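In what follows, a structure is listed as structure tokens, so that the remarks can point back to it.
Source: prediction; values computed, not measured.
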Amino acid sequence: MKKRLGVLISGGGSNLQSIIDACENGILAGKAEVAVVISNKSDAYGLERAKKHKIPAVYLDREKSADSMSYFKEVGGQLKKHGVDVVCLAGFLLKVEPGIVDAYRVINIHPALLPKYGGKGMYGHHVHEAVINSGDKESGATVHSVDNEYDHGSIIMQERVRVEPDDTPETLAKRVLEVEHRIYPKAILKVLLEAV
Ligand code: GAR
């Protein structure tokens, strides 16, 4: 039986795409499928990517919920409806409520070598700016378990990249993103193999 992945996004969804591709033709083929994609942004391109692959694409507006708890009740309802086994955060920028973390195996990808450059406000270009400003000679990507603190759970997989002297946040982001696309499907496979 294929494991059913629920992927939560807020933006472009290039990591979502790498997961879909791995499920269709790569290392997750026959082992996993994306059961639903949920976005908190109506214009997230990842929703279009899901639709192109005939995957249910759900936009849930955070503003319509009174608080984070009730928002994530709705998210949980969608995960249940679609029979999700594992939740993958892929550029999802809201903090997931404990109710979801307790009910599901939740994993995340982060564009740095955690525990460095994690925590609230550390996402996207902010991370790469901080790495360059610090003068670090390496960065990378981390897939980790999600617990109730930002970017804190145990590390599942990490891969390093060099920071070049002339890197800008954009060039570094591009190099890290290539690594992300490679390791996220691998890390998901690792999680699925551990779960049997
Ligand atoms: C990725 O670089 C991901 O690691 C990062 O957002 C980007 C989403 O890109 N996530 C975080 O910074 C979480 N703290 P994508 O929408 O193209 O997958």
Side-chain angles (χ1 to χ4, degrees), residues 5-23 26-28 32 34 37-41 43-47 49-50 86-96 100-101 104-194:
L5 310 176
V7 184
L8 273 54
I9 60 162
S10 299
S14 68
N15 277 291
L16 163 68
Q17 189 69 54
S18 76
I19 295 169
I20 294 172
D21 293 346
C23 288
I27 58 169
L28 295 172
V34 179
V37 173
I38 301 172
S39 171
N40 68 315
K41 297 281 183 196
D43 59 353
Y45 182 64
L47 289 171
R49 295 181 190 269
V86 175
V87 177
C88 305
L89 309 183
F92 183 69
L93 300 181
L94 299 179
K95 187 165 188 291
V96 176
I100 301 287
V101 176
Y104 292 93
R105 181 85 159 94
V106 185
I107 64 176
N108 180 42
I109 186 141
H110 186 78
L113 295 174
L114 290 175
K116 291 180 95 174
Y117 307 108
K120 198 168 169 22
M122 273 295 178
Y123 61 88
H125 66 99
H126 299 288
V127 176
H128 305 298
E129 272 165 23
V131 170
I132 287 173
N133 291 339
S134 74
D136 279 9
K137 296 280 182 287
E138 59 175 18
S139 188
T142 304
V143 180
H144 66 95
S145 300
V146 172
D147 63 11
N148 292 320
E149 279 179 57
Y150 267 114
D151 300 327
H152 175 263
S154 60
I155 290 170
I156 299 164
M157 199 168 284
Q158 227 168 22
E159 194 175 308
R160 283 155 205 278
V161 304
R162 272 167 57 97
V163 179
E164 304 294 347
D166 58 351
D167 260 333
T168 63
E170 291 73 29
T171 58
L172 180 57
K174 189 165 176 280
R175 196 173 314 117
V176 171
L177 203 54
E178 283 168 15
V179 168
E180 293 185 46
H181 297 161
R182 197 165 54 241
I183 69 168
Y184 210 176
K186 275 199 215 169
I188 292 169
L189 182 61
K190 191 173 173 206
V191 166
L192 297 183
L193 293 175
E194 279 165 6

Open item on the list: side-chain contact (heavy atoms from CB on, under 4.5 Å), that's the test. Do Asp147 and Val106 meet it? Break it down for me.
Closed with: CA-CA 8 Å; Asp147 63 11; Val106 185; over 6 Å; no
Task: Steps toward side-chain contact (heavy atoms from CB on, under 4.5 Å) verdict (Leu192, Leu28) - done: CA-CA 10 Å; Leu192 297 183; Leu28 295 172; 4.3 Å; yes
TODO: Mind running side-chain hydrogen bond (donor to acceptor under 3.5 Å, both in side chains) on Tyr117 and Ser134 for me, showing each step along the way?
DONE: CA-CA 10 Å; Tyr117 307 108; Ser134 74; 2.7 Å; yes
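The shortest heavy-atom contact between Ser39 and Ala44 is OG-CB, 3.3 Å. Here the shortest heavy-atom pairing between Val176 and Ser139 reads CG2-OG, 4.4 Å. The minimum heavy-atom distance between Phe92 and Ile9, with the atom names listed, is CD1-O, 3.3 Å. Summarising the geometry of Pro111 relative to Val127, their closest heavy-atom pair is O-CG1, 3.5 Å, with the distance given to 0.1 Å. Between Val37 and Ala50, the shortest heavy-atom contact is CG2-CB, 3.7 Å. Taking all atoms of both residues into account, the shortest heavy-atom contact from Ala141 to Glu180 is CB-CG, 3.6 Å.
The shortest side-chain heavy-atom distance between Glu164 and Thr171 does not fall under the 4.5 Å cut-off. Between His181 and Asn15 there is a side-chain heavy-atom pair separated by less than 4.5 Å. Contact check for Arg175 versus Leu172: side-chain heavy atoms found under the 4.5 Å cut-off. Side-chain contact between Val87 and Val146 is absent, with no heavy-atom pair separated by less than 4.5 Å. Between Ile156 and Ser145 the shortest side-chain heavy-atom distance falls below 4.5 Å. Put simply, the side chain of Ser10 does not reach to within 4.5 Å of the side chain of Leu94, judged on heavy atoms. Using a 4.5 Å heavy-atom threshold, the side chains of Lys41 and Leu93 count as separate. Counting heavy atoms from C-beta on, the side chains of Arg182 and Ser18 never come closer than 4.5 Å.
Across Leu8, Val7, Leu47, a single residue satisfies side-chain contact (heavy atoms from CB on, under 4.5 Å) together with Leu16, and that is Val7. Only one option out of Ile109, Ile188, Thr142 pairs with Ile183 in a side-chain contact (heavy atoms from CB on, under 4.5 Å); it is Ile109.
The structure places CD of Glu129 at 9.5 Å from CE of Met122, a figure rounded to the nearest 0.5 Å. A distance of 5.0 Å separates CG of Leu5 from SG of Cys23, quoted to the nearest 0.5 Å. For the atom pair Lys174 NZ and His128 NE2, the distance stands at 13.0 Å (nearest 0.5 Å). For the atom pair Tyr184 OH and Ile107 CD1, the distance stands at 4.5 Å (nearest 0.5 Å). To the nearest 0.5 Å, atoms CG (Leu114) and OG (Ser154) are separated by 11.5 Å. Rounded to the nearest 0.5 angstrom, Asp151 CG and Lys116 NZ are separated by 15.0 Å.
Proximity of a side-chain donor or acceptor of Arg49 to a complementary backbone N or O of Gly13 within less than 3.5 Å is detected.
Environment of NZ in Lys137: sparse, with no more than 12 heavy atoms of neighbouring residues, nucleotides or ligands closer than 6.0 Å.
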